[in-house]
S.K.: 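Please see the structure below; I have some questions.
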Amino acid sequence: MDVTRLCSELVKIRSENPPGYTDEVISYLQEICSGIGVDTKVVSQGRKSNLLSKDIQNHFLLCGHVDVVPALDDGWINPPYSGFIDETCVYGRGSTDMKGGVAALLSALAEVIDRGIDPPVDLAFVCDEEGNGDFGMEYLVQKRLLRPKACLIAEPTPELSPVIGEKGGTQTSYHVYRRCRACFFASGSW
């Protein structure tokens with residue numbers, strides 16, 4: 001699978017947020033997944049769509065968002081949805097954030113599968129990361145459709161500076177015990 005061409009094809013499919021319609025790009029990704037032997041399912045709310053592995057194992061998740069911020073008309077070397085490829089780059093809205101990352105994840109997965117390995121990974125390509133987030137990853141986790149132990153998100157970071165991080169919350173109760181001596185003051189009140 002050619003990661004450059006896949007990125008270019010993804011850029012050509014408009015998925016601006018707002019309005020956050022990702023049904024067309026998710027349909028395309030579902031075809032790609034089917035072509036490499038990965039069964040998927042679509043979770044939709046109107047035209048906002050997410051693509052998940054069909055049988056979620058909740059071990060290691062390969063994840064990316066497919067919505068993009070709107071492209072202004074001015075300042076583009078090539079039209080923002082052309083997916084133009086030259087000898088060094090793919091040009092267009094989402095080529096780095098984050099349709100390029102989605103293409104990289106799928107190309108790497110295809111390579112592993114082509115080598116005869118059945119990797120223990122799940123996929124989640126989601127909508128609504130660039131918007132208010134009401135139907136993307138947060139929704140999928142809240143509804144317990146996803147509960148991965150680890151996740152690789154191919155979001156762009158500075159060159160040679162991958163970010164290791166975590167999101168989420170936990171409720172923790174701490175009990176602190178300390179030996180101390182009572183203190184008495186000759187004057188004053190507490």
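What you see is a predicted model; the values in this text were computed from it and never measured. Below, each value reflects all heavy atoms present in this structure, side chains not excepted, and no hydrogens, waters or symmetry copies.
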S.K.: Might you point out which heavy atoms bring Val68 and Tyr81 nearest each other, and give the distance in Å?
M.R.: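 So the two residues come closest at CG2-OH, 4.2 Å.
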
S.K.: How long is the gap from CD1 on Ile13 to OG on Ser27, to the nearest 0.5 Å?
M.R.: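 Between atom CD1 of Ile13 and atom OG of Ser27 there are 8.5 Å.
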
S.K.: Would you say Leu146 ends up clustered with Tyr139 if hydrophobic residues are merged whenever their side chains have heavy atoms under 4.5 Å apart, either directly or through other cluster members?
M.R.: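 Per the 4.5 Å side-chain linkage, Tyr139 and Leu146 are co-clustered.
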
S.K.: Write down the atom of Arg47, the atom of Glu24, and the distance for their closest heavy-atom approach.
M.R.: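 The answer is NH2-OE2, 3.6 Å.
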
S.K.: Please confirm whether the backbone N or O of Gly20 pairs with a side-chain atom of Asp67, one donor and one acceptor, at under 3.5 Å?
M.R.: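 No, because the side chain of Asp67 does not come within donor-acceptor range (under 3.5 Å) of the backbone of Gly20.
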
S.K.: Of the non-hydrogen atoms in Asp86 and Cys89, which two are nearest, and what is the gap between them?
M.R.: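 Closest heavy-atom pair between Asp86 and Cys89: OD1-N, 2.8 Å.
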
S.K.: Do the non-hydrogen side-chain atoms of Val102 and Val25 ever get within less than 4.5 Å of each other?
M.R.: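 Val102 vs Val25: side chains apart.
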
S.K.: From Cys63 SG over to Phe125 CZ, what is the distance, rounded to the nearest 0.5 angstrom?
M.R.: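 Answer rounded to 0.5 Å: 8.0 Å.
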
S.K.: Working to the nearest 0.5 angstrom, can you tell me the gap between Leu106 CG and Leu29 CG?
M.R.: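 Leu106 atom CG to Leu29 atom CG measures 6.0 Å (nearest 0.5 Å).
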
S.K.: May I ask you to check whether over 12 heavy atoms, not counting those of Glu155, lie within 6.0 Å of atom CD?
M.R.: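 Yes, because the 6.0 Å sphere around CD of Glu155 holds more than 12 heavy atoms from other groups.
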
S.K.: In the structure I gave you, are the side-chain heavy atoms of Ser34 and Thr40 within less than 4.5 Å of one another anywhere?
M.R.: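 With C-beta onward as the side chain, the pair stays apart.
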
S.K.: Spell out, as yes or no, whether a donor-acceptor pair under 3.5 Å connects the side chain of Gln57 to the backbone of Asp55.
M.R.: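 Pair found, side chain donor or acceptor close to backbone of Asp55.
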
S.K.: Verify side chain to side chain contact (heavy atoms under 4.5 Å, CB included) between Thr22 and His65, making sure each step is shown before the conclusion.
M.R.: CA-CA 10 Å; Thr22 56; His65 67 87; over 6 Å; no

S.K.: Where do Ser53 and Ile56 come nearest, in terms of heavy atoms and distance?
M.R.: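 Nearest heavy atoms, Ser53 then Ile56: O-CD1, 3.4 Å.
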
S.K.: Is a donor on one side and an acceptor on the other found under 3.5 Å between the side chain of Asp122 and the backbone of Leu61?
M.R.: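 Side chain of Asp122 to backbone of Leu61: no pair is present.
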
S.K.: Is there side-chain contact between Asp134 and Lys48, with heavy atoms separated by less than 4.5 Å?
M.R.: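 Yes - at least one pair of side-chain heavy atoms lies under 4.5 Å apart.
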
S.K.: What's the separation between atom NZ in Lys41 and atom CG in Leu145, rounded to the nearest 0.5 Å?
M.R.: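 Between atom NZ of Lys41 and atom CG of Leu145 there are 6.0 Å.
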
S.K.: Write down the atom of Gly92, the atom of Val11, and the distance for their closest heavy-atom approach.
M.R.: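 Smallest interatomic distance, heavy atoms only, reads CA-CG1, 3.7 Å.
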
S.K.: Report whether Val141 and Leu52 are members of the same hydrophobic cluster (ILVMFWY, side-chain heavy atoms less than 4.5 Å apart, transitive linking).
M.R.: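 Yes; Leu52 is reachable from Val141 via cluster members.
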
S.K.: When you compare the side chain of Asp97 with that of Glu130, does any pair of heavy atoms fall below 4.5 Å?
M.R.: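 Yes. Closest side-chain heavy atoms under 4.5 Å.
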
S.K.: Using a strict threshold of under 4.0 Å (side-chain N to carboxylate O), is an ion pair present between Arg5 and Glu9?
M.R.: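 No.
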
S.K.: Kindly give the heavy-atom pair with the smallest separation between Gln30 and Leu51, and that separation in Å.
M.R.: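 Taking every non-hydrogen atom into account, N-CD2, 3.7 Å.
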
S.K.: Could you state the interatomic distance from CZ (Phe60) to CG (Leu123), rounded to the nearest 0.5 Å?
M.R.: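 So the CZ of Phe60 and the CG of Leu123 are separated by 11.0 Å.
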
S.K.: Report yes or no: do Val126 and Tyr28 belong to one cluster of Ile/Leu/Val/Met/Phe/Trp/Tyr joined by side chain heavy-atom distances under 4.5 Å?
M.R.: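 Different hydrophobic clusters.
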
S.K.: Please round to the nearest 0.5 Å and tell me the distance separating atom OG of Ser82 and atom OH of Tyr91.
M.R.: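 Reported value, rounded in 0.5 Å steps: 10.0 Å.
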
S.K.: If you group Ile, Leu, Val, Met, Phe, Trp and Tyr by side-chain heavy-atom gaps below 4.5 Å, do Trp76 and Phe84 land in one group?
M.R.: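 No, Trp76 and Phe84 fall in different hydrophobic clusters.
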
S.K.: Examine Met98 and Leu6 and state if one hydrophobic cluster contains both, with Ile, Leu, Val, Met, Phe, Trp and Tyr joined whenever side-chain heavy atoms are less than 4.5 Å apart.
M.R.: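 Yes.
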
S.K.: Any heavy-atom pair between the side chains of Val66 and Leu10 that's under 4.5 Å?
M.R.: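 Result no, sub-4.5 Å side-chain heavy-atom pair not found.
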
S.K.: Is there side-chain contact between Thr4 and Cys7, with heavy atoms separated by less than 4.5 Å?
M.R.: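 Not touching, per the 4.5 Å side-chain cut-off.
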
S.K.: Is Asn50 reaching over with its side chain to a backbone N or O of Met137, donor-acceptor style, under 3.5 angstrom?
M.R.: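 Not confirmed, Asn50 side chain does not pair with Met137 backbone.
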
S.K.: Test Leu105 against every option in Val3, Leu62, Val121 by the side-chain contact (heavy atoms from CB on, under 4.5 Å) rule and name the one that passes.
M.R.: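 Of the listed residues Val3, Leu62, Val121, the side-chain contact (heavy atoms from CB on, under 4.5 Å) partner of Leu105 is Leu62.
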
S.K.: Are the side chains of Asp23 and Ser44 in touch, meaning some heavy atoms are under 4.5 Å apart?
M.R.: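 Side-chain contact under 4.5 Å: no.
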
S.K.: Check the pair Val90, Lys99 against side chain to side chain contact (heavy atoms under 4.5 Å, CB included), reporting the backbone distance first and the verdict last.
M.R.: CA-CA 11 Å; Val90 176; Lys99 291 179 177 180; over 6 Å; no

S.K.: Taking C-beta and beyond as the side chain, do Asp2 and Ser107 meet within less than 4.5 Å on heavy atoms?
M.R.: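 They are not in contact (no side-chain heavy atoms under 4.5 Å apart), so the answer is no.
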
